[in-house]
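The sequence lines fix the lettering, A, B, ..., with proteins before strands; numbering per chain opens at 1.
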Amino acid sequence: MNQPSAPPPFLAVEDLVVDYDTPAGPVRAVDHVSFDVPRGGSLAVVGESGCGKSTLARAIVRLLKPVSGRVVLDGTDLAALSERRLRPLRRRAQMVFQDPYGSLDPHLSAERIVAEPLRLAGVRDKAERRRCAAELLDRVGLPASARERRPAEFSGGQRQRIGIARALASEPDLLVCDEATSALDVSVQAQVLDLLRELQAETGITYIVIAHHLGVVREISTDMVVLKAGRVIERGRTAAVLASPTDPYTRALRRAALDPAAIRGLKPRAATAVSPEGTGK
Amino acid sequence: MAEDASPLLEVEDLQIELVTHRGVVRAVDGVSFTVGQGETVTLIGESGSGKSTTAMGVLRLLPEGLAVLSGTARVGGEDVVADPEAARRVRGRTVSLIPQDPMTALSPVHTIGRQLGDALRLRHPGLSRAEARERGTRLLDQVRISEPGTRWKTYPHQFSGGMLQRILIAIALAAEPRLLVADEPTSALDATVQAGVLDLLLDLQERTGVGMLMITHDLGVARLVSDRIHVMKEGRFVESGPAERIVERPTHPYTRTLLAAVPALGPWDEDGLADHTPLGAAR
Amino acid sequence: MSRYLARRLGQSLLTVFLTVSTVFVLVRLAPGDPAAAYAGPTATSADLARIREEFGLGEPLITQYGIFLRDLLTGDLGTSYSFHSSALDVVLERMPYTITLSVAAIAVTVAVAVPLGVWMARRADTKRELGANVLTIAGQSMPDFWTGVMLLTVFAVLLPVLPASGFTSWSGLILPTVTVAILQLALVSRLVRREMTTALASPYITVARSRGVSERALTWRYALANSAVPLVTAVGTRFAALLNGVVVVEVVFGWPGVGSLVVRALETRDYPLIQATVLVTATLAILVQLLVDLAYPLLDPRVRLGKAA
Amino acid sequence: MTTTLAPPERPSAVSERHLARSSAARQRRGARVKLWAGAFCTALVALPVALAGLLPLADPNTQDLSRRRLPPLTDGHLFGTDQLGRDLLSRLLHGGQVSLTVGVLAVVVSGLIGIAAGSAAGYFGGWIDTVVSRLLEAQLALPLLMMLLLVVALFGPSVTVITCVIAVAQWPEVARLTRSLVLVEREKPYVAAARLLGLRGWSVLARHIVPNVLRPASLVVLLLLAQAVLLESALSFLGAGPQRPFATWGRIISDGQDYITTSWWLVTLPGLVIALLVVGVNLLGDGLRDRVRTHKPAKGV
Amino acid sequence: GPTGAPGPGTLTLGLNRSLVSLDNKLNQFDAAVTVQRAVRQALTAIGPGMKPTPVLADRFEMTAPTTWSVRLREGIRYSDGRPVTVEDVATAVRMYGEVAGSFVLGLFPELPSVEATGARTFLLHTRQPVPVLDRLMANILITPAKDNRPEELRSGVGTGPYRVVGANSGAGEYTLARVPRYWGGRPAVERVRVRFVPEESSRVVALRSGELDVIDTITPDSAEQLTGLPGVHLEQTSGVRLCQLFYNFRKPRDHPLADARVRRALTYAIDGESLVRDVLTGSAEQAAGVVPLSLQGAERTGSFVHDPARARQSLKSLGADGLRIRIMWESGEFAADTSVMEAVAEMLKDVGVRTSLLQFEPGGDILKWRQGKGGDWDVIGNGFPGPTGQAVTMLQAMYAGTAEDERTGDAFMGYVDPAIARRISDAATEADPAARDRELAAAQHAVWDTWPCLWAFVPKTLLARRTRVEGIGLLPVNSYDLTAVRLEG
Ligand SMILES: Nc1ncnc2c1ncn2[C@@H]1O[C@H](COP(=O)(O)OP(=O)(O)OP(=O)(O)O)[C@@H](O)[C@H]1O
Ligand SMILES: Nc1ncnc2c1ncn2[C@@H]1O[C@H](COP(=O)(O)OP(=O)(O)OP(=O)(O)O)[C@@H](O)[C@H]1O
Ligand SMILES: [Mg+2]
Ligand SMILES: [Mg+2]
């Protein structure tokens, strides 16, 4: 896959397989997925709901142990590492969770949640940590008055932003965003996307973005892969894939994407702008 | 379908204040709107502006010790602000809710079948377990959960976020409500499934005249399904109007900012003629 | 799951075995002489030597242990020194009493403490909740002996409605059960209260409420099911402990349970009886705990047993 | 964003009544009441015990056989006298020093061991769980009193031995509960999030999981206080208590048992003192747990 | 009436110790005797005044110093109708000899051999004279030879007025029913229920509520509490048990306690009267001899005097004023043991003797200490039973220790006095009752003069009954004859 001349990819996922154990036996959620992302690149993962995107994301950051395959981050295969060997590398690969509420420790205030990774990063001074956390929260658009609140006291979008701030606080080299902006209104979303791009320009951070909104995908990613039922069915430059998708599913996806500017007319409308071949039913 | 001229939901000057440890927060500051039969009214607006609070307030689901409601909110003619009992009566019958955060909205220790079945049997007390299961699987199928039969006995943590969201939609529909309050019902769904679900909802609206109060960030969705849109910011409506007008001729600066911020999808080759990087080279 | 079960059963067997072995060694290391306790104050050294011989206490510890193990395999736990009959039989004769009292006490505890805890959760931070707290805590803080005698005085002497002692009729079960239950009430009710408060504030409760689920069902079906793991654990632990007998309550109510038996066996250094009691109660207690452990995944499907984090 | 009452064009509907009945206020009030009531009850017992040496009390061991078993409030004996004519109050206060130590140590030691071992077992699973679980299972499976008696028989009935024995006697119950709570908690997404940050297992446990299970676990721990104090009375009863004539609460109670129907105060008063203390400590614990830490005081409207 | 109250024809006894068996080969405590003898009987019994009375034997005579002639009563039968034979007696004696660790065996200097001389007559032979054999034989219960085994019998029949109709020996509960054709008179009570109620206050509550009819061996405090209650009556007699605070006789020669004068001086410190009145609430008597005076052959030898000044002064003059004393005892050795010990400690403190108290868990090593193998001590609390009712048995056990015994630690608390020991053994084998009593009296005076105890007392035998129970002739040995008991109303 890699040309000999090209620089080694920053993240290479090779033949990744992830199973879930269920009482009824293992369920394969990710099925021989391979791709790679260069340093400073950003790759979008799109696909049908339930196709294994989150699973893939969790396997990349090694919250799940893959059945087989490799996740090579900057030359190190994370998949094979023991928890202890992995721990020092953890900070480099962070993730924003799809479940913003569940992934926040309910007994900590927003500020402490964001300050936690700073402590790990070696910021010893408590006041300094608070200041940094406050700044991060500010950057994702959370008001200063909200810093002392606990997760239960926030709106959905605000929780999501706390999750983003926490992930950024680690100053990772790789950030996996699992639907990180799905609960944000478009203007805040734009603000967050700006922030991510800005950071990328500054620090060369690499993104893997899971999103359903193709507009967001287009804005943030340079490349994309399309998953279906745990397998990669299409990949390429984002612009190209969005402009002329080849796989029937991708085409259906593209067709179903709603562009407010493009919708005309009154209800009832043909919402089923999807051709039957594309829904996969 | 009840031939009732009065709106399904009539909110007037609704104000919701949250009494927190840090003082009183006014989350919703005097909003008024109505949702009539067969109508879809959409709230869009800033994150944290009070959309969910409004929705929950209308259902009187905010903790009694936390929220102080004032104004009126009549659901099917009954004012739930004045009478908490009325809210209890209408919930699960006249009105049902699709909550915002699907991952925490289901009891983790009960199977989804149990929770969906319960919802069904609340609506139809006579239903046997088997019948409930039969209807339930059909509902799951309608929201495009594959293999609903085998998934009936699985637990929420075994589902993806989008699947849970669809299950919650199925549960909300199980109540066969006259009014559906949907808080970002498709935010975790990909476009094809979203289309399917919206189709289902619109079809339902067509058939039964269900009224919908919808909250969404996706202006595309808002544009598609809404009759009226209210733009919310800091607890108030900054702009209200028919969907087309809001999307096409926004007057308030905030609405304009919002519309301007919508990520563009870009052009595409609908016929699939242009070629692009072939499969296999991801760079 | 079945592999886990097999491993757990193996481990539990081993635990029972080690427990009994520990006791075997401990009672022999501790000062005290079964022969002396047996022979009474007038015995001479010669008597003692003969009795020791008779009991097989002359052998070195390791030999005694070997014999003990050999006999254990054939289900023979020896003859009780003070009862002069099979130690196992003596214990098994008392076991029904202990089990009856334990089951009754746990049942009453759960039947009272759970609704009380739920009530306390609903009335959180009110004067009445405070009152309930104070009463239950005070109830479990008073010496069990005191509680027992007070109940006896009231219900057997002042208003003679219940028998004072023994298990001559089912009504004889009431007072000991109530006494034991009073000792557990504070813990279980407060635990239920705490867990229910958390559960009732969870989003899924709100969502279930939005579906029109009645408050009753919300509390009893949803919130309680979500508090089940700690509740079952606490109750299971208490139950296991009760199976070891409740010495004081047994003594006060003349209840022929194993608790007072083992204390008496210890007083007379009745080694076979001590070992038999420990074997029986430990097996039961460990079984109860195994069941509690196995219940976890049923009570909360997220729990994965035997897996490292 | 919300406004914390920006230009109040619209009057707030929040009345004083709402404020007073809001869960925030109720919780704060509840916590305060519990805190104060708890502190008061605790102090009412603990202070005199601590100051027993300084208070103008009769000698706890001086007997007066002609004035034995005087009921409370007679002849200057506030709590009456015991079966040998010793001043009960003085014995309670002097003996309380050991009993309180036993109780507090039991709570601290059993609590710490129990929470640490239980949460480690629940979180790490594997062999740690096996070892801890089997250990606590074994200890729970043994009749507690028998084990205490054996250990005391082995090491002699000194206050130190008794204190240590009682202190470690109760960890299994705490450990088991903590373990079960952690088993549920560790599967929650926020734990995965914490692990992802690169926290060591122990830090995840200590900083994220334990604080979330501490509330229910500490409930059990604080209730151990009474059990610990009373266990000592069972030991005293069987002659395994600390050396006579030194009075501990357990000893006073066990000696008074013979007289419970003739001289009610000999057991009832020490029992009430223990109950008062335990109620106090538990309320104090509740109050501290429920206390709302806010930087800004609540503002009215 | 209260739940659980016995019916009109049923007598319910509440024992505080679990009656493991109705046989007594291995298990005999005084209160059990009442029940055991209602089912199985011996040749004789100890009656009022500690005199032997014939039961199964109608003749029991010493025909030579080592030979006794016995005749079985005419027409006695077991409850199942079988007759009692000489073979049954011979087997019973043999079985008591074969069982290991028998308590009964300890009472006999040697077991007699049985020589049948007729269908109902036989001779009992001993090697040494056993002048009290007629009393000792009261402990050998007769069972059909066929059913007898060298172990405690779980079932089986006896000649007694009652037979067992229900038993749970693990729980210590028995139901006895009247034997229809009992060879003696028909007992008045139809059914007897025996229950084990370990806790004193529960027994008291149960008696008050009418659930129990008789509770024996009650503590001073229960006695005090039950006095004057309607429906309850207290019985008491002087007891046969001796409770002592015995000195350690293994002290080195130069130790103050090795000096009888120091031992006596210390006794002056003890206010025995107050102990009896205040601590034991009048339920005991100070010892006025070296054995309880209710025993046959007991001699009044002196009494304990309370005189702290004299104690202080003598101790000083004997150079023992800095004495420190360690008192030890096993929990439950006698009623109110801890209170007595704490009070004694305080009294000793008043004469300048510092005391430490060491209480042992039951079953611990108290015996080792008593045998001098546990370590040093000064005074031990000890209760000594007198089940035979004979002074000589008790004297032999306590004061007849020889140097040889002491090598194994068997001399009671190290008490070795060859002259006294000889006297006691001579008395024990003396066939002539008058001479024996003279000899014993002299020995008792000699013992008293060695001041073996810091203090000693004889607890009274106490029993409480509902007033509906009549005819309990409580004996000092703490048993009574169930056949004589009647139920009124
Ligand atoms: N318990 C609480 N205590 C204090 N503030 C709260 C509490 N609950 C909600 N809020 C605040 O109330 C405001 C309204 O929240 P709401 O959930 O209605 O927002 P929303 O419009 O739904 O936002 P989003 O689109 O992000 O979900 C937010 O600013 C939120 O921070
Ligand atoms: N704990 C689990 N046990 C069993 N199956 C699971 C578990 N978690 C997820 N799955 C299954 O794995 C598949 C992939 O789930 P995943 O969460 O990766 O989907 P996703 O692509 O992120 O979907 P969405 O867009 O809806 O979030 C789903 O079919 C889901 O049912
Ligand atoms: Mg997902
Ligand atoms: Mg919201």
Side-chain angles (χ1 to χ4, degrees), chain A residues 22 35-36 38 46-50 54 98-99 101-102 148 153 155-158 179 182-190 212-216 218-219 223 225 234-237 239-246 251-254 256-260 263 267-269 271-274 278-279, chain B residues 20 22 40 44-48 52 100-101 103-104 144 154 158-163 166 184 187-196 198-199 202 206 217-225 227 247 257-258 261-270 272-277 279-280 282-283:
Chain A
T22 65
F35 57 79
D36 43 31
V46 300
E48 201 178 17
S49 161
S54 302
Q98 184 179 11
D99 172 15
Y101 188 28
E148 285 302 323
E153 299 169 324
S155 80
Q158 288 168 333
E179 318 231 359
S182 65
L184 301 180
D185 66 281
V186 281
S187 72
V188 174
Q189 177 176 304
H212 286 310
H213 200 284
L214 296 181
V216 173
R218 207 179 84 113
E219 291 228 341
D223 298 84
V225 296
E234 182 159 10
R235 72 180 88 210
R237 307 290 300 182
V241 174
L242 287 182
S244 50
T246 49
R251 297 186 66 77
L253 195 67
R254 183 65 183 84
L258 299 169
D259 188 346
I263 297 172
K267 284 202 314 174
R269 287 159 279 235
T272 40
V274 188
T279 58
Chain B
T20 72
R22 288 166 217 82
T40 302
I44 62 171
E46 199 178 21
S47 162
S52 301
Q100 178 175 16
D101 184 352
M103 314 275 260
T104 47
R144 297 168 150 245
T154 49
Q158 295 172 314
F159 289 88
S160 80
M163 293 162 104
R166 283 176 277 157
E184 307 195 17
S187 64
L189 305 181
D190 65 293
T192 56
V193 176
Q194 169 176 298
L198 291 178
D199 196 25
L202 289 178
E206 186 93 314
H217 289 306
D218 191 326
L219 291 169
V221 173
R223 175 74 182 84
L224 177 71
V225 300
D227 294 296
V247 176
T257 338
L258 264 191
V262 174
L265 282 169
W268 80 299
D269 154 32
E270 209 154 338
L273 294 177
D275 64 348
H276 64 93
T277 327
L279 189 75
R283 220 169 309 129

message: Please evaluate residues A:His213 and B:His217 with respect to the criterion side-chain contact (heavy atoms from CB on, under 4.5 Å), reporting the C-alpha separation (whole Å), side-chain torsions for both, the decisive distance (0.1 Å), and the verdict.
response: CA-CA 11 Å; A:His213 200 284; B:His217 289 306; over 6 Å; no
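For chain B, the option among A:Gly157, A:Ser49, A:Gly47 with the highest count of heavy-atom pairs below 4.5 Å is A:Ser49. Listed options A:Ala239, A:Ala183, A:Gly50, A:Ala257 were ranked by heavy-atom pairs under 4.5 angstrom with chain B; first place goes to A:Ala183. Of the residues considered (A:Ala190, A:Gly102, A:Ser54, A:Ser155), A:Ser155 shows the highest number of contacts with chain B, using heavy-atom pairs under 4.5 Å. Counting heavy-atom pairs closer than 4.5 Å to chain A, the top-ranked of the candidates B:Ala261, B:Ser52, B:Ser187 is B:Ala261.
Looking at A:Ser182, both its backbone and its side chain come within 4.5 Å of chain B, counting heavy atoms on both sides. B:Val247 touches chain A through its side chain: at least one heavy atom from C-beta onward sits under 4.5 Å away, while N, CA, C and O do not. With a 4.5 angstrom heavy-atom cutoff, B:Val193 touches chain A only via side-chain atoms.
The shortest distance between side-chain heavy atoms of A:Glu148 and B:Arg22 falls below 4.5 Å. A heavy-atom distance below 4.5 Å is found between the side chains of B:Asp101 and A:Asp99. Annotation: side chain of B:Thr154 is not in contact with side chain of A:Thr22 (no heavy-atom distance under 4.5 Å).
Atom CG of A:Leu214 is separated from atom CZ of A:Arg254 by 6.5 Å, given to the nearest 0.5 angstrom.
Side chain to side chain, A:Glu234 and A:Thr246 meet the donor-acceptor criterion of an N or O pair below 3.5 Å.
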